[in-house]
There are 2 protein chains.
Amino acid sequence: MKKKTAHEQFIAYLRSEGKNITPERLHILDAVLNQKAHFKIDDMIEKMSCAKKRVSRATVYRSIKTIENAGLIKYIRSINDEKIYEVQKEHHDHMICESCGKIFEFHDKDLETLQDLICESHGFTPKRHTMKIFGICEKCKKDD
Amino acid sequence: MKKKTAHEQFIAYLRSEGKNITPERLHILDAVLNQKAHFKIDDMIEKMSCAKKRVSRATVYRSIKTIENAGLIKYIRSINDEKIYEVQKEHHDHMICESCGKIFEFHDKDLETLQDLICESHGFTPKRHTMKIFGICEKCKKDD
DNA sequence: CAGATAATTGAGATTTAATCTCAATTACGA
DNA sequence: TCGTAATTGAGATTAAATCTCAATTATCTG
């Protein structure tokens, strides 16, 4: 069973939901996948309105939601009313520096295991989780 | 050193910030503290517009923000554009049922310890964190 | 492949939470 | 008690997100 690309995943999702495969949706997916890590909707709208194939604001909003439902991107948080999304890679959690605003990703197997145990003891079936640790990063500590 | 009430904490905060202690702010604090657990801003606005002492929408927004900065309430999440806040008790994390929308609180000492260890290994100084586990609660599992 | 049908798009209007404005009021230190 | 600075209320404003609907496009069927 070879691993599906994000592109293939998206198309499979659209098919499974009976949604059409439109060039607009694929363009937006491409633009999103080209993002290094985190992006804002507004940036995507601007990007798509300058691109060779223009896509309207309404469609950007609609498609971002579709791509999110397909599990390919994830909403992280808002910073002054600007939603920040990220492209989904392997699952990871976040450390957010309150000084420079930078978002660090980390993953810890023990943490995941412990979470499952906690859920089990509460009769709760976990599907997914988010964890954000706010504090000060190494660099900002030194820059003081 | 006796423990301060939320009321006292708030007044101490206002003093420390050079802010005035106004009846509006205290009324809103009272209303907020009277909430069992979680509340929406809109509910507060409605509550305050019917109360003996009316408080305007703008002031509710302003005061909620002040009370949040004082650390007495905390923003949890949005559900269709409605922000949900909660009164701060001891620190705890959340399990959110995707079926009924109910929010469960839990606290686990091992989880906290593990988080601190992870941060340490990344040179990150944690101040606070949020953790949300999404899934299906015990009751909804049975109701299937 | 053509024609029918349902989904999707674009553009601008609309919605709505949150913020802003500013004159009137109020808290508070001196 | 007075003067100053902070705060409030009411309505205007802002801006992200959604909605509307006619025109377009994807997909299915034979």
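Below, chains carry the letters A, B, ... as their sequence lines are ordered, and counting in each starts from 1. If you're wondering where the values come from, they're calculated on a predicted model, not measured in any experiment.
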Fill in the blank from the handout: E17(B) CD to dT7(D) P, in whole Å, measures 11 Å

Exercise for the section: Nearest 0.5 Å please: distance from the CE atom of M44(A) over to the CG atom of D42(A). Expected result: 11.0 Å

Exercise for the section: Tell me, yes or no, whether the heavy-atom count around E17(A) atom CD, taken from other residues, nucleotides or ligands under 6.0 Å, exceeds 12. Expected result: yes

Exercise for the section: Kindly say if R54(A) contacts the phosphate of dA11(C), meaning a side-chain N or O under 4.0 Å from OP1 or OP2. Expected result: yes

Handout entry: Test item: S63(A) side-chain N/O and V60(A) main-chain N/O as donor-acceptor pair under 3.5 Å
Key = no

Fill in the blank from the handout: Residues in residues 56-66 of chain A with a heavy atom under 4.0 Å of DNA chain C, by number, are S56(A), A58(A), T59(A), R62(A)

Practice task
Give, ordered by number, those residues of residues 20-35 of chain A having at least one heavy-atom distance below 4.0 Å to an atom of DNA chain C; if nothing qualifies, reply none.
Solution key: N20(A), T22(A), E24(A), R25(A)

Please list every donor-acceptor pair under 3.5 Å in which a side-chain atom of residues 19-26 of chain B meets a protein atom from a residue at least two apart or in another chain.
from	atom 1	to	atom 2	distance (Å)
T22(B)	OG1	R25(B)	N	3.2
E24(B)	OE2	K53(B)	NZ	3.3
R25(B)	NH1	N20(B)	O	2.8

Completion exercise
Against the side chain of I41(B), the closest entry in dG10(C), dA18(C), dA17(D) is dA18(C)

Practice task
Taking the side chain as every heavy atom from C-beta outward, state whether F104(A) and I133(A) have any atom pair closer than 4.5 Å.
Solution key: no

Practice task
Report the relative orientation of the aromatic rings in F39(B) and Y85(B); use parallel for angles under 30°, tilted for 30 to 60°, perpendicular for over 60°.
Solution key: parallel

Handout entry: Nearest-angstrom distance from the residue atom CZ of R15(A) to P of dT8(C)
Key = 13 Å

Exercise for the section: Compute the angle between the rotation axes at the two ends of the helix from dC1(C)-dG30(D) to dA30(C)-dT1(D), each taken over five pairs, rounded to 10 degrees. Expected result: 50°

Problem - Results of salt bridge (charged side-chain N to carboxylate O under 4.0 Å, His left out) for E105(A) - residues two or more places apart only - result: K89(A)

Handout entry: Length of the line joining E46(A):CD and dA16(D):C1', which is rounded to integer Å
Key = 16 Å

Handout entry: Atom-pair distance (CD1 on I67(A); P on dT8(C)), nearest Å
Key = 14 Å

Exercise for the section: For E68(A) and dT18(D), give me the distance from atom CD to atom P, rounded to whole Å. Expected result: 10 Å

Handout entry: Nearest heavy atoms of G123(B) and K141(A), plus distance in Å
Key = O-NZ, 2.9 Å

Handout entry: Atom-to-atom span, OH of Y85(A) to C1' of dA17(D) - whole angstrom
Key = 10 Å

Completion exercise
Nearest-nucleotide check on DNA chain D, K53(B) vs D42(A); residue mapping nearer the 5' end is K53(B)

Handout entry: Test item: H129(B) side-chain N/O and M131(A) main-chain N/O as donor-acceptor pair under 3.5 Å
Key = no

Practice task
Just jot down the salt bridge (charged side-chain N to carboxylate O under 4.0 Å, His left out) partners of R54(A), sequence neighbours excluded, or say none.
Solution key: none

Problem - Integer-rounded Å distance: dA15(D) P and I45(A) CD1 - result: 14 Å

Exercise for the section: Look at the rings of H94(B) and H92(B) and say which category their plane angle falls in: under 30° parallel, 30 to 60° tilted, over 60° perpendicular. Expected result: perpendicular

Handout entry: Atom-to-atom span, NZ of K40(B) to P of dA18(C) - whole angstrom
Key = 12 Å

